[in-house]
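One structure below.
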Amino acid sequence: MAKLIDGKQISADIRAELHEQIEQWMAKGNRAPQLTAILIGDDPASNTYVSNKMKAAADVGINSKTERYGADITEEELLARIEALNQDDSVDGILVQLPVPGHINERKVCNSVSCDKDVDGFNERNVGRLCLDMNTLIPCTPLGVQELIKRCQIETFGKNAVVVGRSKNVGMPIAMLLHADGRNDTCAMDATVTICHRFTPPEELARFCRSADIIVTATGVPGLIRGDMIKEGAAVIDVGITRVTDPATGKTKLVGDVDFEEARKVAGHITPVPGGVGPMTVAMLMKNTFIAAKNLASKKVQN
């Protein structure tokens, strides 16, 4: 049976480390890092996500604030508010909870957040720096996947990795972190990476996965990765999360992209859903906020 990658425990370890680091930072005369979240509309999932992020901030010693706006806020009003936060020296991190209402251009919003305060890592300039293997704020879910792999001491150097999913916020940056040179700023993982997606024929997807030492899947398609698609001993990182109805009980439950019960019989390491990558995303948001705070403080000293 595969070794379970306990994202809850690893994220708790990271948060404890951050709490200690922030206490030491403040003991040197620095103020607590400050994170501001912008939440638009009343989507229950977005409300839950932001609430969990704010609880994590309090847990590690980051001051946080949630600004709530109705779904009828105009794009101009939102961009003006983000620019005000960009200019506010008391704010270190800005988080705009996605998705935004349809009348607002998501890319324009992401690009409006100052690169220095872009703790989600979604500004196109930060994405470009990641692709060039330069020091930057890295999107939280890909950073969490990297941290899980490293903390579980899963060998990546020269290994075959398959990333299933090519989204610009998850799949693409995960592929970048897996394949890039570990000697450079992103401390990447030197694997040989294949990217598969919804137009990869099923038989080809199975063929690629069977050759992989590491599979990272992020599609939101339950049961996409079956046990017979996994190489014996491979590491399986399941980023997908979908709410489905259990036919046996009629109740809903969260599942990933991987047929967990079958995959765990073959894999060497595997993440559960929930309790795998999800908690790591929140922990990495806290890490990015602290990095942003330190970088901004350093810039003030230099100026």
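The chain is numbered in sequence order, starting from 1.
Every pair passing side-chain hydrogen bond (donor to acceptor under 3.5 Å, both in side chains) that includes a residue from residues 29-41 is listed here, sequence neighbours excluded: R31-D92, Q34-T36. Under the side-chain hydrogen bond (donor to acceptor under 3.5 Å, both in side chains) criterion, the residue pairs touching residues 204-216 are E204-R207, D213-K231, with sequence neighbours excluded. Counting only residues at least two apart or on different chains, the salt bridge (charged side-chain N to carboxylate O under 4.0 Å, His left out) pairs with a member in residues 293-303 are D116-K299.
Among the candidates N123, N126, N86, N111, the single residue satisfying the side-chain hydrogen bond (donor to acceptor under 3.5 Å, both in side chains) test with D118 is N126. Residue C140 forms a side-chain contact (heavy atoms from CB on, under 4.5 Å) with just one option from V119, V145, T281, and that option is T281.
Listed here is the closest heavy atom pair of L148 and G276: CD1-O, 4.2 Å. Counting all heavy atoms, side chain and backbone alike, V60 lies closest to I22 at O-CD1, 3.4 Å. When every heavy atom of V163 is checked against every heavy atom of G165, the shortest pair comes out as CG1-O, 3.6 Å. Residue P272 comes nearest to I5 through the heavy atom pair CD-O, 3.2 Å, listed as atom of the first residue, atom of the second, then distance.
Enclosure of atom NZ in K150 by more than 12 non-hydrogen atoms of other residues, nucleotides or ligands within 6.0 angstrom is indicated. When the shell of 6.0 Å around CD of E155 is examined, it contains more than 12 heavy atoms from other residues, nucleotides or ligands. Counting non-hydrogen atoms of other residues, nucleotides and ligands closer than 6.0 Å to CZ of R125 gives a total of 12 or fewer. The local environment of CG in D42 is sparse, with at most 12 non-hydrogen atoms from other residues, nucleotides or ligands closer than 6.0 Å.
In this structure, F122 and V127 have side chains that are not in contact, with every pair of non-hydrogen atoms separated by 4.5 Å or more. Considering only heavy atoms from C-beta on, Y69 comes within 4.5 Å of R81 through its side chain. Looking only at side-chain heavy atoms (C-beta outward), I40 and P101 come within less than 4.5 Å of each other. With a 4.5 Å cut-off on side-chain heavy atoms, C196 and V162 count as touching. Annotation: side chain of D190 is not in contact with side chain of T156 (no heavy-atom distance under 4.5 Å). Taking the side chain as every heavy atom from C-beta outward, V258 and L224 never approach each other to under 4.5 Å. Taking the side chain as every heavy atom from C-beta outward, C152 and I10 approach each other to under 4.5 Å. K251 is not listed as a side-chain neighbour of T245, based on a closest heavy-atom distance of 4.5 Å or more.
Listed for the T271 side chain is a donor-acceptor partner under 3.5 Å among the backbone atoms of D238. The main-chain N or O of N135 is found under 3.5 Å from a side-chain atom of D185 such that the two form a donor-acceptor pair. Side chain of K117 to backbone of L35: no donor-acceptor contact under 3.5 angstrom is found. Under a 3.5 Å cut-off, the side chain of T136 and the backbone N or O of I138 do not form any donor-acceptor pair. At least one donor-acceptor pair closer than 3.5 Å links the side chain of H179 to the backbone N or O of A175. In this structure, the side chain of T200 does not engage the main chain of L205 through any donor-acceptor pair within 3.5 Å. Not a single donor-acceptor pair under 3.5 Å links the side chain of E262 to the backbone N or O of R264. Between the S11 side chain and the A283 main chain, no donor and acceptor come within less than 3.5 Å of each other. Proximity of a side-chain donor or acceptor of D133 to a complementary backbone N or O of G182 within less than 3.5 Å is not detected. E75 places no side-chain N or O within 3.5 Å of a backbone atom of E106 that could act as its donor or acceptor partner.
For the residue pair D88/S90, the side-chain donor-acceptor check at 3.5 Å is satisfied. Of the N and O atoms on the side chains of E17 and Q21, not one donor lies less than 3.5 Å from an acceptor on the other residue.
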Side chain to side chain contact (heavy atoms under 4.5 Å, CB included) between E67 and K65, intermediate numbers included | CA-CA 7 Å; E67 298 188 357; K65 179 182 179 183; 3.8 Å; yes
Check the pair I230 / D228 against side chain to side chain contact (heavy atoms under 4.5 Å, CB included), numbers first and verdict last.
-> CA-CA 6 Å; I230 298 168; D228 64 1; over 6 Å; no
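The CG atom of D246 sits 9.5 Å away from the OG1 atom of T252 when rounded to the nearest 0.5 Å. Distance check: L78 CG to S112 OG gives 6.5 Å after rounding to the nearest 0.5 Å. Between atom NZ of residue K3 and atom NE2 of residue H269 there is a gap of 5.0 Å, rounded to the nearest 0.5 Å. The structure places CG of D13 at 11.0 Å from CG of L18, a figure rounded to the nearest 0.5 Å.
By the 4.0 Å N-to-carboxylate-O rule, D6 lies too far from K8 to be salt-bridged with it.
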